[in-house]
2 protein chains.
Amino acid sequence: MKNRLKVLRAERDWTQAQLAQQLEVSRQTVNAIEKGKFDPSLPLAFKVARLFELSIEEIFQDETTA
Amino acid sequence: MKNRLKVLRAERDWTQAQLAQQLEVSRQTVNAIEKGKFDPSLPLAFKVARLFELSIEEIFQDETTA
DNA sequence: ACAAAAAGTCAAGTATATTTTACAAAAAGA
DNA sequence: TCTTTTTGTAAAATATACTTGACTTTTTGT
């Protein structure tokens, strides 16, 4: 799952720690999601979308071919 | 997390088992999600959205106030 | 160059999503 | 009513998301 977190964060000049705090998750979680280590849960994806005022689809891109 | 799965399924006259098969998950998973027992993973939410040709937001509604 | 801040990573633990098997309850069809 | 299909549910096992704590590497600022 690709995502635009890094860019969205950069546009706002936020650190991973600051983003994590707003999402109420750990900094490591933000880092892991940004680096594609795992996908966020659906509730967290909604929280991210709400924070950036974008749709989930505008932030996370599914890459499954099937 | 509320969702419109039951209605979307009814509109297409699909059983939970048929939907599960198309999503490549177990029937119990479809049932549990429909009944709100747990939220789907983000990849599964994307798969559901793709199947119904709707956005994730049109199918799943976040209910967190915060 | 140096110091501080930010980002990356790892291990171990907890929480939640999903599977399989099995059975009970409800709905649908004859 | 009887039978079949569908739905609901539960327990136990596995997979993945997420946490905390700690440490290293990279970036930023002076």
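So you know, we letter chains A, B, ... as the sequences are listed, proteins then strands, and number each from 1.
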Checklist entry - Quick one: is dT7(D) close enough that its OP1 or OP2 comes under 4.0 Å of any side-chain N or O from Lys35(B)? => result no

Next on the checklist: Donor-acceptor pair, distance only, cut-off 3.5 Å: does the side chain of Glu57(A) make one with the backbone of Ser55(B)?
Outcome noted: no

Item to check | Ionic contact status for Lys47(B) with Glu24(B), cut-off 4.0 Å | outcome: yes

Checklist entry - What is the distance from CD of Gln16(A) to P of dT26(D), rounded to the nearest Å? => result 15 Å

Checklist entry - What closest approach, in Å, do Pro40(B) and Ile33(B) show between heavy atoms, and which atom pair accounts for it? => result CB-CD1, 3.6 Å

Checklist entry - For Gln18(B) and Ala32(B), take the nucleotide of DNA chain D holding the closest heavy atom to each; which residue's nucleotide lies nearer the 5' end? => result Gln18(B)

Next on the checklist: Base contacts versus sugar-phosphate-only contacts with protein, heavy atoms under 4.0 Å: please encode nucleotides 17-23 of chain D as B, S and - from 5' to 3'.
Outcome noted: SBBBBB-

Checklist entry - Any donor and acceptor pair, going by atom type alone, linking the side chain of Gln16(B) with main-chain N or O of Val30(B) inside 3.5 Å? => result no

Checklist entry - Which range-with-range stems can be found for DNA chain D when each stem has 3 or more Watson-Crick or G-U pairs in a row and both distances sit under 3.5 Å? => result C:1-30 with D:1-30

Next on the checklist: Please report the distance, rounded to the nearest Å, between CG in Asp13(A) and P in dT27(D).
Outcome noted: 17 Å

Checklist entry - Would a distance-only check, ignoring hydrogens and angles, find a side-chain to backbone donor-acceptor pair under 3.5 Å from Arg4(B) to Glu58(B)? => result yes

Item to check | Presence of Arg9(A) side-chain N/O under 4.0 Å of dA6(C) phosphate oxygens OP1/OP2 | outcome: no

Checklist entry - Would you find a donor on one side and an acceptor on the other, under 3.5 Å apart, between the side chain of Glu53(B) and the backbone of Arg50(B)? => result no

Checklist entry - When the distance from CD of Gln21(B) to C1' of dT18(C) is rounded to whole Å, what number comes out? => result 18 Å

Checklist entry - Would you say the side-chain atoms of Arg27(A) pair up with the backbone N or O of Ala20(A), donor to acceptor, closer than 3.5 Å? => result no

Next on the checklist: Taking 4.0 Å as the cut-off, does a side-chain nitrogen or oxygen of Asn31(A) come that near to OP1 or OP2 on dG8(C)?
Outcome noted: yes

Checklist entry - Got a donor-acceptor contact below 3.5 angstrom from the Gln18(A) side chain to the Thr15(A) backbone? => result yes

